[in-house]
Amino acid sequence: MSLVQSTSSLKSIGQLICVILLFLFVLFLAYLAARIAGSFQSGVMNRRSNITIVEVFRLSNNKVIEIVKIGEKYLALAVCKDSVSVLTELSAEDIKEQTTVMEPINFKNILDKMKNEKQKKDD
């Protein structure tokens, strides 16, 4: 009787491990698909577009002010839930374009910092 139970528990543990590995594989494939689709869409949209959002300032949940470059003109737009209004046209001298590039998050560096901080607290 004990032999049957141990075989059955090993079988169920094996099935659990297989399901977890399959889940991780599907999660990895979804991640790759999202990365490929995102890079493709951003590349296509940036190459073919004459419209660029320079800056966005949120006033409330559904109200923002956007500075948009359309062709060679800059416009300040008020974007609400149901409407878009042109506030003013801006000259190129009025605009201070920010060229900050978001660096990818390196979780290893974050974990190392947290370990170092914990070690300092423990000492």
Side-chain angles (χ1 to χ4, degrees):
M1 185 73 174
S2 153
L3 183 61
V4 173
Q5 286 179 340
S6 67
T7 306
S8 134
S9 65
L10 284 175
K11 198 176 200 181
S12 62
I13 289 173
Q15 286 177 345
L16 178 64
I17 291 172
C18 286
V19 167
I20 290 172
L21 290 175
L22 185 63
F23 173 72
L24 291 175
F25 180 69
V26 169
L27 196 64
F28 177 72
L29 288 178
Y31 170 77
L32 283 179
R35 292 286 301 220
I36 291 170
S39 65
F40 175 74
Q41 283 183 340
S42 67
V44 168
M45 290 180 75
N46 289 340
R47 277 185 292 198
R48 296 182 184 170
S49 180
N50 289 317
I51 301 172
T52 311
I53 297 176
V54 177
E55 189 172 345
V56 176
F57 181 77
R58 183 168 301 280
L59 297 174
S60 68
N61 268 351
N62 56 1
K63 295 178 183 175
V64 295
I65 296 176
E66 296 183 357
I67 298 176
V68 180
K69 181 179 180 184
I70 302 176
E72 295 300 318
K73 293 183 179 184
Y74 290 92
L75 298 174
L77 303 176
V79 181
C80 300
K81 183 178 179 181
D82 296 326
S83 66
V84 176
S85 304
V86 176
L87 297 176
T88 187
E89 184 175 333
L90 303 168
S91 66
E93 294 83 35
D94 294 336
I95 304 298
K96 298 175 189 170
E97 287 196 44
Q98 299 174 355
T99 57
T100 57
V101 177
M102 295 284 292
E103 294 181 19
I105 297 172
N106 190 344
F107 288 108
K108 184 179 184 318
N109 291 343
I110 294 171
L111 289 175
D112 290 340
K113 283 182 186 179
M114 291 176 69
K115 285 180 186 176
N116 290 339
E117 289 175 6
K118 185 175 182 181
Q119 287 175 354
K120 287 179 184 177
K121 286 181 182 180
D122 290 342
D123 291 340

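If you read the sequence from its start, that first residue is 1, and numbering goes on from there.
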Residue list, side chain to side chain contact (heavy atoms under 4.5 Å, CB included) with Ser60, at least two apart or on another chain: Asn62, Lys63
Separation of Ser85 OG from Leu75 CG (nearest 0.5 Å): 12.5 Å
Linked, directly or transitively: Ile36 and Val26 (ILVMFWY side chains, under 4.5 Å): no
Asn61, CG atom: more than 12 neighbouring heavy atoms under 6.0 Å: no
Interatomic spacing from OG1 in Thr88 to CG in Leu77 - rounded to 0.5 Å: 10.5 Å
CD1-CD1 distance between Ile67 and Ile95, expressed to the nearest 0.5 angstrom: 4.5 Å
Residues forming a side chain to side chain contact (heavy atoms under 4.5 Å, CB included) with Leu32, sequence neighbours excluded: Phe28
hydrophobic_cluster_shared for Leu90 and Phe57, side chain cutoff 4.5 Å: no
Shared hydrophobic cluster, Val64 / Ile70 (ILVMFWY, side-chain heavy atoms < 4.5 Å): yes
Between side-chain atoms of residues 12-21 and protein atoms elsewhere (two or more places apart, or another chain), which donor-acceptor pairs fall under 3.5 Å?
unit_1: Ser12; atom_1: OG; unit_2: Ser8; atom_2: O; d: 3.4
unit_1: Ser12; atom_1: OG; unit_2: Ser9; atom_2: O; d: 2.9

Transitive ILVMFWY side-chain link Leu87 to Leu59, under 4.5 Å: yes
Minimum side-chain heavy-atom gap Tyr74-Asp94 below 4.5 Å: no
Spacing of NZ belonging to Lys73 relative to CD1 belonging to Ile51, to within rounding of 0.5 Å: 13.0 Å
Which residues share a side-chain hydrogen bond (donor to acceptor under 3.5 Å, both in side chains) with Lys108, sequence neighbours left out: Asp112
Salt bridge (Lys or Arg N to Asp or Glu O under 4.0 Å) partners of Lys81, counting only residues at least two apart: none
Shared-cluster residues of Phe25, by chain and number - hydrophobic side chains joined below 4.5 Å: Leu29
Spatial distance of atom CD (Glu66) from atom CZ (Arg58) [nearest 0.5 Å]: 9.5 Å
From NZ (Lys69) to CD1 (Ile53), nearest 0.5 Å: 14.0 Å
